[in-house]
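Working notes, structure below.
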Amino acid sequence: MRAVRHHHSARRACLLALLVFAAAALVGPPLAAVSPQTQGAPQSAADRPESPLTLWYRQPAAQWIEALPVGNGRLGAMVFGGIEHERLQLNEDTLWAGGPYDPSHAAAREALPRVRRLVASGAFAEAERLIMEQVIARPPREMPYQTVGDVTITMAGGASATDYRRSLDLDTAIARTAFRVGSVRYAREVFASPIDQVIVCRLTAAEPNAAASSPGRINATVAMSTPMAATVRTEGTDTLVLAGVNGDAFGIKGALTYQARVRVLVDGGSVAADGTQVRVIAARSATLLIAAATSFRRYDDVSGDPAAATTAAIAAAIARPLDVMRAEHVAEHQRLFRRVTLDLGATPAASLPTDERIRGFAGGTDPGLAALYFQYGRYLLISSSRPGTQPANLQGIWNDSTNPPWASNYTTNINTQMNYWPAEVTNLAECAEPLFTMIGELADTGARTARTHYGAGGWVLHHNSDLWRNTAPVDGPRSGMWPTGGAWLVTHLWEHYLYSGDKAFLARAYPIMKGAAEFFLDTLVEDPNGRWLVTSPSLSPENRHHADGTVAAGPAMDSQILRDLFDQVVEAGRILGTDAAFGKQVATARGRLAPDRIGSAGQLQEWLEDWDMTAPEPTHRHVSHLYAVYPSAQLSSGTTPALTAAARKSLDLRGDESTGWATAWRLALWARLGDPERAYRLIVFLLSPARTYPNMFDAHPPFQIDGNFGGTAGVAEMLLQSHAGVIDLLPALPQAWPAGKVTGLRARGGFDVDLEWRDGRLQRATIRSTWGTTARLRSGTAERTVTAKPGDVMTWDGR
Ligand code: FUC
């Protein structure tokens, strides 16, 4: 590859600058913002969304949380939609700091029995000190996810732009920016193709009465920049290359190289490069093809060749007509996205820009915004997690920092799990494939942690992981000393089986499920009073039971997760006809797990002891002990009325308003508990500016994508439930949604479900069997049992 040296093109660059300046002079001085007349006042073309599935705005993004995300699971871009300065902030999902590393802390194994004794005697502070010194991993932190950098497009002459709008169409997965300067209509479209593995940015300029011979109207400078250790150069006349390395973190050397490559194609006019920038001169249209890759191949292999990968991706894309690439991108997106439709009704608010709708949601009537939020979660999952990519991290794939909040990692004490709550029920099971693959890899690295830290068999994951599949306890005792993250993740494998009936999948999952159970058979201990088998040391994520104590033995959540894990392992073994003896052992341990208990305030106890009412943070964001209600189904009013009432009491005590994901969890819980108005109140809070940024990203704050995904799952849970042997239709329909229609939701047991309702009552349910044979349907108090063969379609009016 040859870099163009600067002096070669200096004269040409001067000439170009003159041309650009001349073009700018025709329309006035450069201005980054929208001209005043485009703001506020309604305008014809720019005054309505293209469809109910569009996010749109009357002004460019001034901040990152206003920019619009596109992604193909692996490559992501945040599109700012500036008039004279467009910014595309890029991500590639394997660009994390560090390299393959073993975080084991060998001292842990010897320290843990002492820690257990301290916990049993109530010496929590001392236990936590010992954990910090001898158990927490080395290094004590996981590696952060990092940004690739930016592509910027500078176009002078936008000062007098009118008719500005930018939008993101969730149905096509295309971000669009459009404005007019004089009689010229400029437009930019950006999409991240899962087929071609490039981000495409197309610039057009349409001039109604232009002569065929008049010059094209696109004059632009394309550049790249990054906060990473990387350099930018041009190649030939039309290519920019950003090449660099990932960061070091906490003593782990960066082991990745990476590259992003932009090829600029023009129709009419010309391109020129000056060593650092590519210029587009008088083109009718221009297309940027953007590729990015790192040397990451697997968590233990960094031998990839990013230069070869980006070169090949661009070469392949160039050979394809743009309209074919665009059409195939849209078709592949719609294959997934269109499986589910949701109509909650439209009001005049639906014609407002998205940021105005968010500001007005609480005080107005805008059911369409809740539907948009629901579909946005599905859009984000499709765009951040596709077969073969990394799972969605704390920010999906979108991150502009080298050191983002909480490392933008995989936080497995709620956040990673919540990311995948909508996958099965909203008909995007394929999007969970990266999670399933990661669970398999964590089982490998987690076997090392089980051995080194605990001297145990099987595998373990604590509360965090990263690209390198760290499974050791990190951060500190009050969050890290929790061995149940892997077991919780494993329940997602079983859920996939419940929805799909896929026995081949279950057979592949079984060894991973079994390994998770083996770890606990080896490490469960008698509780301090000799009643039950419990985890120790552990904690109830990340809640203190005493001012100086978070670690504990046998928090309720652990026993609940282990009941699910053990039941699922036994049942999977039975279905697969394997491992009967192991199943017996697991069933015996299951019978000795600490039961859920009701405390002095009638609440479900968060810990083995009744500490809830004196714990220092009664409204703590985590509601870990309510795992049994949602996402699990151990407790439900039909099967365990007293414990479920206690769970309701606990949820009430916790209060409603919390961080983004914690609000979404409460929403799903109130839906499960059959309280539609309480659930709806949480939607109102979740969709307020306090918890939803202008681009509809969830605000923890700061941005964390779990709230988006949990919000989508929560809305689904209001419309359809299928956890207690019953397919419950509209189990938590709020008054705010009296009429509506949803199609394509999935129910456990092998059914697709469409629902239509009016006056708050089911009108018609259409149930298609994908593999299920019997379903008990419920609508309000009415019930009916249907039997089916795969492929059968049944309808019911709920009476
Ligand atoms: C858990 C939560 C925090 C945050 C972090 C990423 O530790 O308790 O609220 O979401 O994950």
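Residues take their numbers from the sequence shown, with the count starting at 1. Numbering of ligands and ligand atoms starts at 1, following listing order.
Using a distance-only test at 3.5 Å, with no hydrogens or angles considered, no donor-acceptor pair links the side chain of Arg691 to the main chain of Pro689.
The Arg621 neighbourhood of ligand 1 comprises atoms 2 (C), 3 (C), 8 (O), 9 (O), with distances under 4.0 Å to a heavy atom of that residue. Contact atoms of ligand 1 toward Leu394: 6 (C) (distance under 4.0 Å to a heavy atom of the residue). Within the listing of ligand 1, atoms 1 (C), 6 (C), 11 (O) sit less than 4.0 angstrom from a heavy atom of Thr411.
Ring-centre distance between Trp665 and Tyr630: not below the 6.0 Å cut-off. Separation of the Trp468 and Phe296 ring centroids falls under the 6.0 Å cut-off. Aromatic ring centroids of Tyr627 and Trp488 lie under 6.0 Å apart.
An N or O contact shorter than 3.5 Å is missing between Thr659 and ligand 1 by distance. Between Asp706 and ligand 1, a contact under 3.5 Å exists for no N or O pair. Annotation: Trp406 places no N or O atom under 3.5 Å from an N or O atom of ligand 1; distance criterion only. The N/O atoms of Trp661, backbone and side chain alike, include one that comes under 3.5 Å of an N/O atom in ligand 1.
In this structure, the protein non-hydrogen atom closest to atom 7 (O) of ligand 1 is Glu542 OE2, 2.3 Å. Nearest to atom 8 (O) of ligand 1 among the protein's heavy atoms is His622 NE2, 2.6 Å.
Under the 4.0 angstrom criterion for non-hydrogen atoms, Asn415 is in contact with ligand 1.
Side-chain contact check for Val135 versus Leu130: every heavy-atom pair is 4.5 Å or farther apart.
Using a 4.0 Å cut-off between charged side-chain N and carboxylate O, Arg672 and Glu717 make a salt bridge. For Asp93 and Arg386, the salt-bridge test fails: no basic side-chain N is under 4.0 Å from an acidic carboxylate O.
Among Ser408, Ser465, Ser384, the single residue meeting the side-chain hydrogen bond (donor to acceptor under 3.5 Å, both in side chains) criterion with Asn393 is Ser408.
Contact annotation: for His463 versus ligand 1, there are no heavy atoms closer than 4.0 Å.
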